[in-house]
Protein chains: 2
Amino acid sequence: MQERSSVYRDTESRFRHRRREGEIVTALRAATIEDVARRAGVSRAAVSKVIRNAYGVSPAMRERVNAAIEALDYRPRVAARAMRGSSFTIGIELPHIGNPFFTKIVAGATAALTGTEYQLIIAPADVDGEEGVRAIGALADRQVDGIIAISPLVAPEWLERLAARVPVVMLGRHDRSVAYDTVTGDDAEGTRLVMEHLLGLGHRRIVHLTRSEEVTRPGSGNPHAIRLERYLAHMHDAGLDDCIRVVRTGLDEESARLDTRALLDAETPTAIFVGNDELALGTLRALNDHGLSPAEVSVVGYDDVDIASYPAISLTTVNQSGEAMGERAVRLLLERIQGRTEPTHFSVEPTLKVRGSTQPVPPEPAP
Amino acid sequence: MQERSSVYRDTESRFRHRRREGEIVTALRAATIEDVARRAGVSRAAVSKVIRNAYGVSPAMRERVNAAIEALDYRPRVAARAMRGSSFTIGIELPHIGNPFFTKIVAGATAALTGTEYQLIIAPADVDGEEGVRAIGALADRQVDGIIAISPLVAPEWLERLAARVPVVMLGRHDRSVAYDTVTGDDAEGTRLVMEHLLGLGHRRIVHLTRSEEVTRPGSGNPHAIRLERYLAHMHDAGLDDCIRVVRTGLDEESARLDTRALLDAETPTAIFVGNDELALGTLRALNDHGLSPAEVSVVGYDDVDIASYPAISLTTVNQSGEAMGERAVRLLLERIQGRTEPTHFSVEPTLKVRGSTQPVPPEPAP
DNA sequence: TTGAAAGCGCTAACAA
DNA sequence: TTGTTAGCGCTTTCAA
């Protein structure tokens with residue numbers, strides 16, 4: 001930074017001289033719009049119009065400008081453009097880059113953006129709560145033209161204030177707002193599919209392994225909150241209040257493994273409904289650690305990540321299209337950038353993938 | 001964008017009036033350094049010094065400025081800062097977000113950046129070649145202060161030109177340059193471990209499943225190029241020239257599955273050394289599709305992604321610490337930003353994780 | 001259709 | 001220690 005003090009700008013020749021440890025280093029400065037204008041013999045405004053495909057440029061001028069751009073290998077500085085308007089950047093906040101379901105969302109978003117002039121950037125958070133807010137804030141500070149926030153742990157008011165400045169799509173959470181759009185899975189329906197499947201197999205002692213209390217706070221609209229709430233409702237409706245058992249864990253496979261182990265040290269349920277597939281893999285490992293097979297303890301996940309269908313894993317889970325969600329989120333953002341103001345909410349339908357990890361309940365051993 | 005034309009800037013009151021579909025909408029404008037300065041009764045320069053922790057501010061002034069920043073919820077616009085120097089952003093180009101090994105690199109980079117004033121952003125590429133260059137270019141256009149490029153498919157000269165403008169760490173490829181730093185795994189050593197293991201188990205008909213010709217172009221320094229080259233050398237040295245068999249595939253699990261199936265339709269080797277774990281999972285699926293067990297066909301991967309150690313998968317593979325690589329890449333970048341000019345090259349040591357997917361060669365069936 | 005010029009929010013040289 | 005001021009590279013009015 002202090003180097004800038006010794007940068008001599010040489011406007012005519014495009015050389016930049018800087019003093020580094022005594023000696024003067026000369027390097028070719030990147031072309032600016034000014035350089036292009038001078039070379040093409042036109043004004044900066046003209047070049048600007050050409051690169052923005054704006055109205056009112058003669059074909060002849062367009063051609064000369066494009067030639068100059070080519071010759072100088074000119075690329076507009078995004079920071080400068082951002083100061084006057086758009087950064088042509090869409091930002092997505094990713095709570096946990098290790099989760100393959102989030103990865104699918106990104107793939108969908110990337111696909112929806114190819115062919116447009118927008119670039120996707122990901123701000124990884126990798127820890128709950130504070131970190132997510134930090135990442136979203138970092139995107140906002142970078143003047144992105146739109147933000148996709150994945151189930152952020154923040155108050156709706158906070159998001160609304162953000163959405164007043166920049167288009168926001170909230171992905172995952174079920175609370176709605178007129179300020180931002182939402183893309184969700186139908187977690188109530190997904191949970192219904194899971195619970196009916198397990199109950200239909202005869203299971204009664206069904207444990208629900210889920211995230212922290214903070215994440216599943218009732219009314220928060222977080223997907224895990226909905227899944228927990230519906231789990232409780234289905235257990236109650238089935239007359240199984242006595243069998244309700246909720247176990248908490250962290251956000252990665254290893255936490256789930258450890259917490260499942262602790263559970264199994266104390267008791268052995270006949271089925272475990274796990275908040276998502278990544279955690280379910282940890283549960284499966286723990287079961288393995290305890291020498292328990294699917295015939296003894298059934299496991300259901302959520303998301304249908306690729307590895308769930310792997311034959312040796314064969315995890316029963318709820319499929320929801322992360323690609324479709326990411327793609328839709330981008331589309332909603334682009335519409336908002338185009339000027340749409342009515343809030344829009346989009347939901348994807350879940351389906352149950354029944355695989356080998358769920359089996360009919362084993363006969364109760366004599367107590 | 002055209003909305004800007006109807007934005008009335010109200011410098012004194014921090015209100016922004018814009019015309020939207022006829023009616024004038026008034027919203028609170030985000031605070032700028034000017035607002036902070038006015039509220040604190042100091043100059044913009046003073047505020048700038050405070051937020052940069054620059055030398056020469058009295059404690060009293062610092063306190064007043066900080067109070068104003070707090071009161072106004074002021075956040076510096078990164079675009080404006082970038083125009084004058086740094087964007088406090090490190091960019092990483094990710095060739096394929098579905099690969100869990102890359103995910104580890106990102107985790108390492110994120111960890112190395114926590115506590116600093118820099119933010120990591122990821123530009124996903126998700127296709128070979130052109131897309132990678134596009135993503136790296138997009139990061140450069142966004143004035144990031146440093147770029148981590150993961151095995152990009154570009155000429156060293158291209159990278160050198162880039163590195164003349166912004167610090168670059170190339171992660172993966174083995175070619176070196178004085179212009180940029182490198183972080184690599186020791187792919188020759190990793191391949192040696194794999195080949196000695198397989199040969200030691202008695203395997204002779206060892207197929208190598210690898211990426212496209214473009215990716216493995218000899219001399220390109222790409223990790224897959226090295227692995228291929230060493231595979232050929234070890235086969236040759238073992239007197240197994242006749243058994244050499246190289247099969248090409250794409251960059252994801254599904255391609256590997258399809259191409260392995262095609263291979264198995266034609267012949268059945270006793271072992272397959274796959275270019276990385278993600279592809280190896282596809283190979284394992286194909287083996288499964290063909291009803292072949294590890295006792296019949298051994299498989300080795302590369303990277304030791306988390307799922308490789310999963311009991312039901314148990315993939316023999318080469319462990320190299322993606323976290324360490326990502327962390328080191330960030331450290332090298334920060335050093336360059338601090339002013340280091342000598343090129344630095346860092347390499348991580350690979351180790352072989354022997355698991356159930358490799359077994360002694362089965363007896364040759366009578367022809 | 002074209003260009004001149006103002007200004008976006010910051011940093012840093014320099015003066016006070 | 002503090003403030004004045006000249007830009008950074010663009011976009012967008014507005015006048016020619």
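A, B, ... follow the sequence lines: proteins, then strands. Residue 1 opens every chain. These figures come from a predicted structure and were not determined experimentally.
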Rounded to the nearest angstrom, tell me the gap between atom [atom1] in [X] and atom [atom2] in [N].
X: Lys49(B); N: dC10(C); atom1: NZ; atom2: P; answer: 16 Å
X: Met83(B); N: dA6(D); atom1: CE; atom2: P; answer: 17 Å
X: Arg62(A); N: dG3(C); atom1: CZ; atom2: P; answer: 14 Å
X: Leu72(B); N: dG9(C); atom1: CG; atom2: P; answer: 14 Å
X: Gln143(A); N: dC8(D); atom1: CD; atom2: P; answer: 20 Å

Please pick, from [options], the nucleotide with the shortest atom-to-atom distance to any side-chain atom of [X].
X: Ala45(A); options: dT11(D), dT1(C), dG3(C); answer: dG3(C)
X: Arg77(A); options: dG3(C), dG9(D), dA12(C); answer: dG9(D)
X: Tyr74(A); options: dC10(D), dC10(C), dC8(D); answer: dC10(D)
X: Pro76(A); options: dC10(D), dT1(D), dT2(C); answer: dC10(D)
X: Arg84(B); options: dA6(D), dG3(D), dC8(D); answer: dC8(D)
X: Arg44(B); options: dA5(C), dC10(C), dT1(D); answer: dC10(C)

Worksheet entry | Evaluation steps, side-chain contact (heavy atoms from CB on, under 4.5 Å), between Val133(A) and Trp158(A) | CA-CA 10 Å; Val133(A) 179; Trp158(A) 191 91; 3.4 Å; yes
Discussion item. Is it the case that atom CD in Glu63(A) sees more than 12 heavy atoms from other parts of the structure closer than 6.0 Å?
Written reply: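 Counting neighbours around CD of Glu63(A), 12 or fewer heavy atoms of other residues, nucleotides or ligands fall under 6.0 Å, so no.
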Discussion item. Tell me whether the count of non-hydrogen atoms from other residues, nucleotides or ligands lying under 6.0 Å of CD in Glu130(B) goes above 12.
Written reply: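 No, because the 6.0 Å sphere around CD of Glu130(B) holds 12 heavy atoms or fewer from other groups.
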OP1 or OP2 of [N] less than 4.0 angstrom from a side-chain nitrogen or oxygen of [X], does that happen here?
X: Arg52(A); N: dC10(D); value: no
X: Thr32(B); N: dC8(C); value: no
X: Arg81(A); N: dT11(D); value: yes

Practice prompt. Check every strand shown and say whether Ser48(A) touches a base, only sugar-phosphate, or nothing at a heavy-atom separation below 4.0 Å.
Written response: base
Worksheet item: Is Ala46(A) touching bases, backbone alone, or none of the nucleic acid, heavy atoms closer than 4.0 Å?
Response: sugar-phosphate
Worksheet item: Charged N to carboxylate O under 4.0 angstrom, Arg336(A) versus Asp181(A)?
Response: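 Asp181(A) and Arg336(A): salt-bridged.
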Discussion item. By the definition side chain to side chain contact (heavy atoms under 4.5 Å, CB included), identify the one residue from Ile92(A), Leu113(A), Thr110(A), Thr103(A) that meets it with Pro124(B).
Written reply: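 Only match with Pro124(B) under side chain to side chain contact (heavy atoms under 4.5 Å, CB included): Thr110(A).
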